[in-house]
Protein chains: 2
Amino acid sequence: MSISAEQFFLNYLEETGLNMTPQRMSIVQTFLETEGHFSADRLCELVREKAPEIGQATVYRTLKLLIESGLADTIDGPDGGVLYERAYGRAHHDHLMCLKCKRKVEIFDPVIEERQEQIAREHGFTLTRHRMYLYGLCPDCASDD
Amino acid sequence: MSISAEQFFLNYLEETGLNMTPQRMSIVQTFLETEGHFSADRLCELVREKAPEIGQATVYRTLKLLIESGLADTIDGPDGGVLYERAYGRAHHDHLMCLKCKRKVEIFDPVIEERQEQIAREHGFTLTRHRMYLYGLCPDCASDD
DNA sequence: GTGTTTGCAAACACTTTGCATCCAA
DNA sequence: TTGGATGCAAAGTGTTTGCAAACAC
């Protein structure tokens, strides 16, 4: 976590032999400014508020680079859609979400993380990454019933 | 697990005011005969091997019913696609998959299950369901490097 | 200059829908 | 008889791609 996210992305581009461009810069900045989870389409809107001339294909292409570089991460909702969130400079976490109001809580549990490693090891697997989603009703929605 | 899967589905249809039809019967049977994880498209193919006249829309519609009834469950692969598997009469489990050869191992860990409940409770959530995917390299693929 | 990147629109894969017809109860 | 079910084809999603022009280095 010693270098900035922008620098991190620049390094990635360089290593991969790709160029920085105004469009990519805009998209990365917007991405970094945006909190929480959002769809590709939503990011597109946000980018275009500042730079309407940027095509959606470019946003999709850049989002792909962000993921490959490790700046971004995807999450998949219970409904099937794909969302993105910032990953670089943040600790790993999983998600707990409310099926009704869609509220999301980021969670982290060392016990679970440890068991995951353990389980993979028992099967001879080398663990690369994992995803865990807990779905249920938040306190507010549970009491609405 | 006291009644058969077919009966279970019949009950669901009845409760929901829907009818059993030859097409649904074919699809459910094919679904139950098919081991492992498969795409909607793959199920379509299998169904059509026996009953070529069944439309894909019907397969999709029936698959939806299978999920609503609880007979089927969806899983999402690391690559984004949606797969289906049999759920009724089987214990809950999570998945460990090889990123290279796509091999999948079904796993279950009481410690993790317990912690998940615990975490949800700590946040005031009522847990409905969860998904956990572990991704990595299986023994064979790891040694290929 | 040369290879990369862009915007556009068309292509894509997968899933859902509208509709006229057909069928189960 | 009547509301649900079907097949077909068309319409949606959300994402990717081909291409000629524009650009970064």
Side-chain angles (χ1 to χ4, degrees), chain A residues 6 9-31 37-69 72-84, chain B residues 6 9-31 37-69 72-84:
Chain A
E6 278 92 348
F9 189 59
L10 283 173
N11 290 354
Y12 170 79
L13 291 180
E14 187 160 355
E15 285 163 17
T16 324
L18 303 175
N19 305 324
M20 179 46 99
T21 64
Q23 290 89 335
R24 283 180 180 162
M25 187 60 97
S26 277
I27 295 166
V28 173
Q29 282 180 354
T30 306
F31 171 78
H37 313 103
F38 41 87
S39 63
D41 207 48
R42 175 73 185 130
L43 182 64
C44 227
E45 283 176 22
L46 293 170
V47 165
R48 281 171 155 169
E49 281 177 14
K50 298 187 200 159
E53 73 284 1
I54 295 182
Q56 63 151 10
T58 303
V59 174
Y60 273 96
R61 287 188 271 231
T62 305
L63 215 28
K64 217 168 187 174
L65 295 179
L66 288 171
I67 288 170
E68 283 161 16
S69 75
D73 224 343
T74 63
I75 349 177
D76 24 53
D79 44 330
V82 179
L83 301 178
Y84 300 84
Chain B
E6 278 91 349
F9 189 60
L10 283 173
N11 289 355
Y12 170 78
L13 291 179
E14 184 159 358
E15 284 163 18
T16 325
L18 303 174
N19 304 325
M20 179 47 98
T21 65
Q23 290 90 334
R24 283 180 180 164
M25 187 59 98
S26 276
I27 295 167
V28 173
Q29 282 180 354
T30 305
F31 170 79
H37 313 104
F38 42 85
S39 63
D41 207 47
R42 175 73 186 130
L43 182 63
C44 228
E45 282 175 24
L46 293 171
V47 165
R48 282 171 154 168
E49 280 176 15
K50 298 187 201 160
E53 73 283 3
I54 295 183
Q56 60 152 11
T58 303
V59 174
Y60 274 96
R61 287 187 272 232
T62 306
L63 215 28
K64 217 169 188 175
L65 294 179
L66 288 171
I67 288 170
E68 283 161 17
S69 75
D73 223 342
T74 64
I75 350 177
D76 23 54
D79 45 330
V82 180
L83 301 179
Y84 300 83

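All values reported here derive from a predicted model rather than from experimental measurement. First the proteins, then the strands, lettered A, B, ... as listed; each starts at 1.
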- Query: CG/B:Asp76 to CG/B:Leu83 distance, rounded to the nearest 0.5 angstrom?
  - Reply: 8.5 Å
- Task: Provide, to the nearest angstrom, the distance between the CG atom belonging to B:Asp76 and the C1' atom belonging to C:dC14.
- Result: 15 Å
- In whole angstroms, the gap separating P of C:dT15 from CG of B:Asp41 amounts to 8 Å
- Position toward the 5' end of DNA chain D (nearest nucleotide), A:Ala40 or B:Gly17: B:Gly17
- Query: Which is true for A:Arg61 with a 4.0 Å heavy-atom rule: it touches a base, it touches only sugar-phosphate, or it touches nothing?
  - Reply: base
- Considering only heavy atoms of chain B and a distance under 4.0 Å, specify the first and last nucleotide of DNA chain D in 5' to 3' order that meet this criterion. D:dG4 to D:dC8
- Item | Rounded interatomic separation in angstrom, taking OH from A:Tyr60 and P from C:dC12 | 18 Å
- Message: Show every salt bridge (Lys or Arg N to Asp or Glu O under 4.0 Å) that has at least one partner inside residues 48-65 of chain A, sequence neighbours left out.
- Response: A:Glu33-A:Lys50
- Query: Got a second to check how far A:Thr62's OG1 is from A:Phe31's CZ, nearest 0.5 Å?
  - Reply: 11.5 Å
- Message: With a 4.5 Å cut-off on side-chain heavy atoms, are B:Leu10 and B:Met20 touching?
- Response: yes
- Task: Check whether any side-chain N or O of B:Lys64 sits under 4.0 Å from OP1 or OP2 of C:dT15, and answer yes or no.
- Result: no
- Message: Output the rounded distance in Å from CD (B:Glu53) to P (C:dC22).
- Response: 15 Å
- Task: Can you see which heavy atom on A:Tyr12 is nearest to which on A:Leu65, and at what distance?
- Result: CE2-O, 3.9 Å
- Message: Can you tell me if B:Glu14 has over 12 outside heavy atoms packed within less than 6.0 Å of its CD?
- Response: no
- Query: With no hydrogens and no angle check, is any side-chain donor or acceptor of A:Arg24 less than 3.5 Å from a backbone partner on A:Asn19?
  - Reply: yes
- Message: Using every non-hydrogen atom in the two residues, find where A:Ala40 and A:Val59 come nearest and quote the distance to one decimal.
- Response: O-CG1, 4.3 Å
- Message: Considering every strand and a 4.0 Å limit on heavy-atom distances, what is the contact class for A:Pro22: base, sugar-phosphate, or nothing?
- Response: sugar-phosphate
- Message: For the helix from C:dG1-D:dC25 to C:dA25-D:dT1, what angle separates the axis at the start from the axis at the finish, each from five pairs, in steps of 10°?
- Response: 30°
- Task: Quick one: closest heavy-atom pair of A:Tyr84 and A:Ser39, and the distance?
- Result: CD1-C, 4.2 Å
- 5'-most contact on DNA chain C: B:Met20 or A:Met20, nearest heavy atom basis? A:Met20
